[in-house]
Every structure is written in C-alpha cells, then in structure tokens.
Amino acid sequence: STDGTLNELRNIKDDRLKIYTHDNIGFVKSIKKGVNLSKGDYVAIHGSGDISHPDRIQKQIEFIMKHKDIGIVSNYAKKVADGGKTQIVKFNFDNRDYTTQLLESSIIIHGSALFRKEIYHKVGGYREFFKYGQDRDLWLRMLQVTKPYILPEILYTMILIPGSVSDDFDK
C-alpha cells in the first residue's frame with residue numbers, strides 16, 4: 001500500500017494485531033502468504049477499501065461453528081458506486097447444485113467470505129496463475145468437499161472504484 005495504511009496500522013495498540021509487510025508480489029501471492037501466516041482455524045477475507053460491518057465476522061464465526069457441514073460463509077452486501085449510488089446485493093443459492101450456480105454467477109462475495117482454513121489447504125488454496133477469478137476457482141474446488149452458505153443479512157459494504165476488479169465484470 002502506498003497510501004499511508006502501514007503507518008496507521010502501526011499506530012494501533014492491540015496485542016492481537018500482527019503486521020506483516022513485503023514488497024509488491026501481486027494479489028494472489030500476497031493473499032496466499034496471509035493465509036499461510038494466519039494462526040486460526042478460519043480465514044476472513046476483507047476487500048481493499050471496503051467496509052466490514054462491526055458484527056460481520058462474529059456472525060459468520062458463530063454460524064460456521066454451529067454448522068460443521070458449512071466450509072464457506074458469506075452474506076448480503078451493499079454496493080456503493082462512484083457518485084454514491086447504492087445497490088443491495090442479495091445472492092442466494094437455490095435448489096440446484098452449488099457448482100452450477102457458481103459457474104453462472106459469482107454468488108460468494110470474495111471480500112466478505114469466511115472459510116475453514118483446513119478445507120482451503122485440502123483443496124490446494126489459491127492458484128497463482130489466476131490474475132482474476134482466483135476466488136471463484138477456489139470456491140469451485142472447495143465445493144467438492146464442503147457446502148457454502150450466505151447469511152441473509154447486509155454485513156459488508158463494497159466500495160466500487162472505477163476500473164477495479166469489482167467494477168469490471170470482464171476482469
């Protein structure tokens with residue numbers, strides 16, 4: 001990051017916070033490194049510039065801990081476009097198989113996903129040859145061994161930046 005985020009993080013005094021920094025190695029290698037450095041049983045993703053609502057992770061953790069057959073949990077989100085125009089994103093799985101639905105649409109919002117680290121490693125994690133779509137690739141492989149769930153609640157706000165991956169479906 002070149003916007004002063006590292007300095008702001010260093011000003012936070014909390015023993016639970018661990019800060020790791022490295023040269024720019026790209027998104028996929030960076031996120032893989034973050035997952036590998038993490039110590040817990042679960043990994044919560046958070047998209048750059050987005051907002052996780054205060055109870056997002058707590059609700060996701062409570063749900064996934066109660067439902068052992070669920071390995072990925074996401075939620076509804078609010079999408080804020082350039083100029084402040086908002087849209088509510090309510091993806092839901094229907095009665096068809098999960099893989100078919102995920103191939104048709106990116107139902108699991110990457111920036112608000114939480115998953116079991118054990119399953120992530122079991123399927124081989126993120127694959128570095130993807131520049132875009134590495135999340136959908138991961139979800140498709142995870143769906144071979146687990147089930148997803150989407151909490152029917154707005155727990156995340158996506159801030160769309162013109163030209164970003166979230167703003168450009170072709171990416």
Side-chain angles (χ1 to χ4, degrees), residues 26-32 34-35 38 42-171:
F27 177 75
V28 178
K29 285 182 181 179
S30 293
I31 200 164
K32 282 180 66 168
V35 172
S38 69
Y42 307 98
V43 174
I45 303 297
H46 179 86
S48 176
D50 293 346
I51 300 166
S52 284
H53 298 202
D55 53 354
R56 173 200 150 202
I57 293 174
Q58 178 182 342
K59 288 185 177 191
Q60 290 176 327
I61 288 288
E62 287 172 358
F63 184 87
I64 206 167
M65 288 179 77
K66 287 180 189 170
H67 300 87
K68 302 296 182 200
D69 59 330
I70 302 296
I72 312 162
V73 64
S74 188
N75 45 258
Y76 292 171
K78 180 168 52 170
K79 193 185 284 189
V80 180
D82 200 25
K85 182 181 175 192
T86 64
Q87 172 188 359
I88 303 303
V89 180
K90 293 183 178 182
F91 290 124
N92 289 300
F93 286 101
D94 57 33
N95 294 327
R96 297 173 297 147
D97 72 277
Y98 302 124
T99 301
T100 298
Q101 294 173 75
L102 196 58
L103 285 169
E104 291 173 358
S105 178
S106 190
I107 293 173
I108 301 168
I109 300 168
H110 189 228
S112 72
L114 180 136
F115 54 83
R116 295 180 190 275
K117 190 161 66 170
E118 154 193 7
I119 294 172
Y120 168 89
H121 286 300
K122 184 176 186 173
V123 302
Y126 292 103
R127 297 195 285 189
E128 293 179 18
F129 58 82
F130 281 95
K131 183 172 180 181
Y132 306 113
Q134 69 285 335
D135 55 328
R136 194 179 301 190
D137 169 66
L138 177 62
W139 308 147
L140 287 167
R141 288 180 289 115
M142 289 176 88
L143 291 181
Q144 303 305 303
V145 295
T146 192
K147 294 193 302 190
Y149 187 78
I150 297 173
L151 294 171
E153 201 173 338
I154 299 169
L155 298 173
Y156 190 75
T157 300
M158 301 163 60
I159 310 297
L160 295 185
I161 299 165
S164 69
V165 173
S166 298
D167 185 52
D168 185 351
F169 183 74
D170 289 337
K171 288 183 180 177

How close do [X] and [Y] get, heavy atom to heavy atom, and via which atoms?
X      : Y      : value
Leu155 : Leu151 : CD1-CD1, 3.9 Å
Ile108 : Pro148 : CD1-CB, 4.1 Å
Leu140 : Leu103 : CD1-CD2, 3.7 Å
Tyr126 : Val28  : CB-CG1, 3.9 Å

Worksheet item: More than 12 non-hydrogen atoms from neighbouring residues, nucleotides or ligands closer than 6.0 Å to NZ on Lys85, yes or no?
Response: no
Item to complete: For Glu118, look at atom CD and say whether over 12 heavy atoms of other residues, nucleotides or ligands are found less than 6.0 Å away.
Response: no
Item to complete: Mind running side chain to side chain contact (heavy atoms under 4.5 Å, CB included) on Val123 and Gln144 for me, showing each step along the way?
Response: CA-CA 9 Å; Val123 302; Gln144 303 305 303; 5.9 Å; no
Practice prompt. For the residue pair Tyr156 and Asp50, confirm or rule out a side-chain donor-acceptor distance under 3.5 Å.
Written response: yes
Fill in: Which residues share a side-chain contact (heavy atoms from CB on, under 4.5 Å) with Ile57, sequence neighbours left out
Ala44, Gln60, Ile61, Leu114
So do the side chains of [X] and [Y] get within less than 4.5 Å of each other, counting heavy atoms only?
X      : Y      : value
Thr157 : Thr86  : no
Arg56  : His46  : yes
Arg116 : Tyr42  : yes
Leu138 : Gln134 : no
Phe115 : Trp139 : yes
Val43  : Lys117 : yes
Asp135 : Ser106 : yes

Discussion item. Once you measure the plane-to-plane angle for Tyr149 and His67, does it fall in the parallel (<30°), tilted (30-60°) or perpendicular (>60°) bin?
Written reply: parallel
Item to complete: Under the side chain to side chain contact (heavy atoms under 4.5 Å, CB included) rule, what do Arg127 and Arg141 come out as? Steps first, then yes or no, please.
Response: CA-CA 11 Å; Arg127 297 195 285 189; Arg141 288 180 289 115; 3.5 Å; yes
Item to complete: Enter the distance from Lys122:NZ to Met142:CE here, rounded to the nearest 0.5 Å.
Response: 10.5 Å
Worksheet entry | Spacing of CG belonging to Leu143 relative to CG belonging to Leu102, to within rounding of 0.5 Å | 6.0 Å
